[in-house]
Structures are given as C-alpha cells and as structure tokens.
Amino acid sequence: MRLKELLKNIKPTQVVGDENTDITGVNIDSRKIKQGHLFVAMKGTQVDGHQFIPKALDLGASAILCEDLPAELKENVTYIQVASTEDAVGKVATIFYGNPSEKLKLVGVTGTNGKTTIATLLYNMFRKLGYKCGLLSTVCNYIEGEAIPADHTTPDPIELNALLSKMVEVGCQYAFMECSSHAIHQKRIGGLKFAGGIFTNLTRDHMDYHKTVENYRNAKKAFFDGLPKSAFAITNADDKNGMVMVQNCKAQIKTYSTRSMADFRAHILECHFEGMYLEIDGHEVGVQFIGKFNVSNLLAVYGAAVMLGQKPEDILIALSTLKSVSGRLEPIQSPEGYTAIVDYAHTPDALENVLKAIHEVLNGKGKVITVCGAGGNRDKGKRPLMAQEAVKQSDKVIITSDNPRFEEPQDIINDMLAGLDKQQMKKVVSIVDRREAIRTACMMAEKGDVILIAGKGHEDYQEIKGVKHHFDDKEVVKEIFQN
C-alpha cells in the first residue's frame, strides 16, 4: 500500500521524503520491523519509542511516523511528523488493514466491572444463534472458535486491526470487545467504527494511572462521546454515572435496570448456587448465574442482542444455555459439603457484589470465609477498602498475596490491614503464601459454608519480581480437595 494512502486520515505537520513509497507493514514495536515497514514512534507511559528509530531503520523500515524528527535523516526513508502519534496510529492501522470494523458489527463494552462477562456472553450467544463472531477480551481473544492469547484487556491499535481483519477474512458478522479506560485514553480504539456501546458501572479503579475518579470517568465517557449516530448506546440506569456517560452521545440511547423504569428491565424470582430464575421484560427464564450484578450483566447482553436485531424469544432461549465466564463466580464443590467460589473480584465494589451474591443464596445458612489480597504496583488507596469490604460481609477473612509484582507481599498486606480497627482484626488472619492461605480456609470450612477466593479468577500465574510463576486458584482448590 502507498504511504500517501495510509496518511489520508491524519494531518502531518510535515513530510520529508517520498509519499509514494510502498509500505508492507505497520508496527509500533521496533523488534517486529521488516523491510518496507512503517515504524510508529509512540511516547508510551514507560518508554519513548523515538529512541528505537535507529533500530527500526537498521531492520529495514522505509518510513517513520513520529512527533520529533531525528537530528539526522536517512536517505531513501520518508519521515512523517505529527502532533500526536497516539492519535494517528489507530487511523493509520485502520486504513492499512482495510477498515475491518466497517465490514462487521463491532460492539464495545466499558465500565469497571462486568466487561469480560458481557462481551464473552454476547460472543457465545451470537455463535449459538448461528453467527460467526470474534471476541476481544481480558481472558482470551477469539476468531470464530480459534483462541488467541490476550496480553491486554484491549490490544494496541495495530494488533486490534489485524485481529479484526482476520475476523472479516473468516466471515465474522459480529465482534464484541472490552474497551478499557487505558485503551480509550490512549486512543487504542481510534479509527474504529462501532455499531454499539455498553456501559456497565463505574467504581474506584486504576487510580495509579488516572489519578482521579473524574479522569477515570471521563476516559470511559469519551468512548460514548465518539459513537456515531448510526450506533446504539446501552447504559446502566442503576449506576449514578449511567446517564453521565451518554449525555453528549449522538447514538441511539437505551437504558437497563433491575430497580427502576428503563428500556430493559429484570428482577430475580428465585436464586440458588446452580443459578437463578429471572423475569426479563415480562418473560420468565432460568439462567446458570447467581447475583444481582449478574442480572445487570445479563440484561445488558439481552438489550444489546435486541438492538442488534435478534428476536427476544431467541435471545432468552440462548441466555438459558449460557455458562459463567472462567473465574467469574465459579463454584467448586468439596467432598465435605462446603463450596469454594473462585472470582476475579479485585476492586472493593466487585468484592462487595460477589459477597452479596453469596449471601443471597446462603440466606444465613452457613459461614463465609474470604481469601483475598491486592495487586502490587497498582492503586494503593483501594487496599484498605478491599479489607474493609471483605470483613464487612465475611465470618472469617484471610488476607494473602495476589500479584505482588515488584512490591513486597507483606507490605501490601500491611496496607490492607491498616484499614481495619481492633474489633475487625478479630476476624482476620494474614498468610503471605497464597496456596497456604487457600488451604487454611479449606481447613476452617464446614458443611454448608462458602469460601470465596477473590482477586485472580481466570489468571493462571502469580507475578513476582517481574516473573510470572504458574498459579491457578482453581487448580489449587481441586488439589486440596483431592488430598
């Protein structure tokens, strides 16, 4: 593809060299550059890509897209200077891969909690309804049935367009993706055309990156501000930020609620650990999920499917067959008659929701033992809040290690314990070793009790000092049950 064609949606401040040069690939990673590629020098949060321009040239880059021109310009290389490579890269990648988001219906899901569940359930539902689909999520990316491991909640713009292009190649009619606040703020979804957007909820998260809740909220809101008139926007009317998200949105706005008047409504008729009976828009349906927050998730899925033109009766039949996403309120029954539940809850709000869901089913008939920690090198402010939430709704709490990353596990535990008073501390023990913490919880549990193992969910590793060690909460629980 000619470089000139790639640049048609951006406004360079200057171009030095031949705009008709042929471009064979686009990359932001200098290590992946090959002969004839365009290298995009990104000023990232950790590293400035401009320092890798010489390496990209050594590997054969024929064009450089950058914010600052190098002091020495190489012959036979075209340099394109722009005000922001972050803003330009998505637009360039979209053209290089043939505007794949215009050739299928792309739905984005954003919010603090529920993104993975909603995106994955939509993907599974539409496949059950007979469509070819793609999924871009925290757990894994899928092109039809093919799994492609995910490193980030939302990939970089080039990888994103490459994945969408492959989806189009195999005939996918729909794609569902999680849109993280980082990805929206860093314009990783720039240049994509969305058929619809879903807002789940907004609670404290990622303060290490956004610094304030307002910045975090505005990052989410930017997604809805950018939706076209032809799209739909479905927002959670039960969340105080639900209508804030869509106040400047040009798309067709719909609401969902479990508590008040809305376009899509639902409430619980019966609840068990095996699932719930719900009423959704006047129809009764049995689902294999528990918890009020999952009613909201299922309602968002139902609403999106309706907006995508599916018949309500077909949607409800498909909903009844869907199962929970890996590591989201996933129950494991012990031979002794108690239940272990593995869940990804890693924010105070998510922990509160999961514990409420457990109590809704237990109804006072059994104790709750919670095992939880907090991630290292992330928002420290939520650590004491996590401990407080666990203590508030548990009979016993074991504070342990999560992904300490480059911090000392005991320091993270101490930050969590600092949020508790003397009375609350009577319920709490701390065990740094996560395997030992889970084993201790199992030794405490009796028939009818529930152990919540929170924080890691689908993850099969523990990140310690930059190394990912294999660790899967579900595997550990099953080993303990067997022994």
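Everything numeric here is computed off the predicted structure, so don't read it as measured data.
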Pair Tyr461, His469 - check ring-ring contact (aromatic ring centres under 6.0 Å, His included), show working.
CA-CA 5 Å; Tyr461 62 84; His469 303 268; over 10 Å; no
Heavy-atom distance under 4.5 Å between the side chains of [X] and [Y], does that happen here?
X      : Y      : result
Asp281 : Arg265 : yes
Tyr256 : Asp263 : no
Val354 : Phe293 : yes
Tyr302 : Leu316 : yes
Leu106 : Leu192 : yes

[X] to [Y] - nearest heavy-atom pair and separation:
X      : Y      : value
Leu385 : Pro348 : CB-CG, 3.6 Å
Met276 : Asn294 : CE-CB, 4.5 Å
Thr347 : Met386 : C-SD, 3.2 Å
Thr200 : Gly114 : CG2-C, 4.2 Å
Ala305 : Leu122 : N-CD2, 4.4 Å
Met167 : Gly134 : SD-CA, 3.6 Å

Ring centroids only, cut at 6.0 angstrom: are Tyr131 and Phe126 within range, meaning strictly under it?
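Close enough - the centres of the two rings lie under 6.0 Å apart.
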Between Phe199 and Phe223 (judged by ring centroids, cut-off 6.0 Å), do the two rings come close enough to count as a pair?
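That pair fails the under 6.0 Å test.
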Sequence neighbours excluded - salt bridge (Lys or Arg N to Asp or Glu O under 4.0 Å) pairs with any residue from [range]:
range            : result
residues 425-435 : Arg434-Asp473, Arg435-Glu479
residues 133-149 : Arg127-Glu144
residues 359-368 : Lys367-Glu446, Lys367-Asp449

Which of these passes side-chain hydrogen bond (donor to acceptor under 3.5 Å, both in side chains) with Asn403: Glu459, Arg378, Gln462, Glu463?
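Among the candidates, only Glu459 passes.
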If you count heavy atoms of other groups shown closer than 6.0 angstrom to [atom1] of [X], is the number above 12?
X      : atom1 : value
Glu313 : CD    : yes
Lys292 : NZ    : no
Lys32  : NZ    : no
Phe289 : CZ    : yes
Lys311 : NZ    : no

Check the pair Glu178, Thr116 against side-chain hydrogen bond (donor to acceptor under 3.5 Å, both in side chains), reporting the backbone distance first and the verdict last.
CA-CA 7 Å; Glu178 295 182 49; Thr116 303; 2.8 Å; yes
For the pair Asn215 and Asn218, evaluate side-chain hydrogen bond (donor to acceptor under 3.5 Å, both in side chains) and give the outcome as yes or no after the intermediate values.
CA-CA 5 Å; Asn215 289 344; Asn218 289 342; 5.0 Å; no
Is the positively charged end of Lys105 above the ring of Tyr174, judged by distance under 6.0 angstrom from the centroid and angle within 45° of the axis?
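No cation-pi geometry.
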Using the rule given for side chain to side chain contact (heavy atoms under 4.5 Å, CB included), can you reason through Ile332 versus Thr339, listing the C-alpha separation, both sets of side-chain angles and the distance that settles it, and then say yes or no?
CA-CA 6 Å; Ile332 306 166; Thr339 305; over 6 Å; no
Calculate, to the nearest 0.5 Å, the distance between atoms [atom1] and [atom2] belonging to [X] and [Y] respectively.
X      : Y      : atom1 : atom2 : value
Ser137 : Phe176 : OG    : CZ    : 13.0 Å
Lys220 : Ser181 : NZ    : OG    : 4.5 Å
His272 : Gln288 : NE2   : CD    : 13.0 Å
Ile369 : Ser394 : CD1   : OG    : 9.0 Å
Asp239 : Ser257 : CG    : OG    : 11.0 Å
Asp402 : Lys456 : CG    : NZ    : 5.5 Å

Strictly by modelled atom types, are [X] and [Y] linked by a side-chain donor-acceptor pair under 3.5 Å?
X      : Y      : answer
Asp238 : Ser296 : no
Asp156 : Gln186 : no
Asp349 : Asn201 : no
Lys55  : Ser30  : no
Tyr344 : Thr138 : no

Any donor and acceptor pair, going by atom type alone, linking the side chain of His359 with main-chain N or O of Gln393 inside 3.5 Å?
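Side chain of His359 to backbone of Gln393: a pair is present.
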Decide, yes or no, whether a salt bridge links [X] with [Y] under the criterion of side-chain N to carboxylate O below 4.0 Å.
X      : Y      : value
Lys392 : Glu389 : yes
Lys478 : Glu475 : no
Glu330 : Lys474 : yes

Mind running side chain to side chain contact (heavy atoms under 4.5 Å, CB included) on Leu163 and Asn141 for me, showing each step along the way?
CA-CA 9 Å; Leu163 287 166; Asn141 299 317; 3.9 Å; yes
Step-by-step side chain to side chain contact (heavy atoms under 4.5 Å, CB included) determination, Leu362 to Val450:
CA-CA 8 Å; Leu362 272 181; Val450 173; 4.0 Å; yes
Taking distance alone, no hydrogens or angles, what donor-acceptor pairs closer than 3.5 Å link side-chain atoms of residues 411-418 to residues at least two apart or in another chain?
residue: Asn414; atom: OD1; partner: Gln410; partner atom: NE2; Å: 3.0
residue: Asn414; atom: ND2; partner: Gln410; partner atom: O; Å: 3.3
residue: Asp415; atom: OD2; partner: Arg383; partner atom: NH1; Å: 2.8

For Val432 and Thr400: C-alpha separation, side-chain torsions, deciding distance, then whether side chain to side chain contact (heavy atoms under 4.5 Å, CB included) applies.
CA-CA 5 Å; Val432 173; Thr400 188; 5.8 Å; no
Would Thr120 and Tyr142 count as a side-chain hydrogen bond (donor to acceptor under 3.5 Å, both in side chains) here? Give the steps.
CA-CA 10 Å; Thr120 306; Tyr142 285 91; over 6 Å; no
Which residues satisfy the ring pair (Phe, Tyr, Trp, His ring centres under 6.0 Å) test with Phe481, sequence neighbours excluded?
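Once residues adjacent in sequence are excluded, the partners of Phe481 under the ring pair (Phe, Tyr, Trp, His ring centres under 6.0 Å) criterion are Tyr338.
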Side-chain donor-acceptor pairs of residues 317-324 under 3.5 Å, sequence neighbours excluded:
residue: Ser320; atom: OG; partner: Ile317; partner atom: O; Å: 2.6
residue: Thr321; atom: OG1; partner: Ala318; partner atom: O; Å: 2.7
residue: Ser324; atom: OG; partner: Arg328; partner atom: O; Å: 2.6

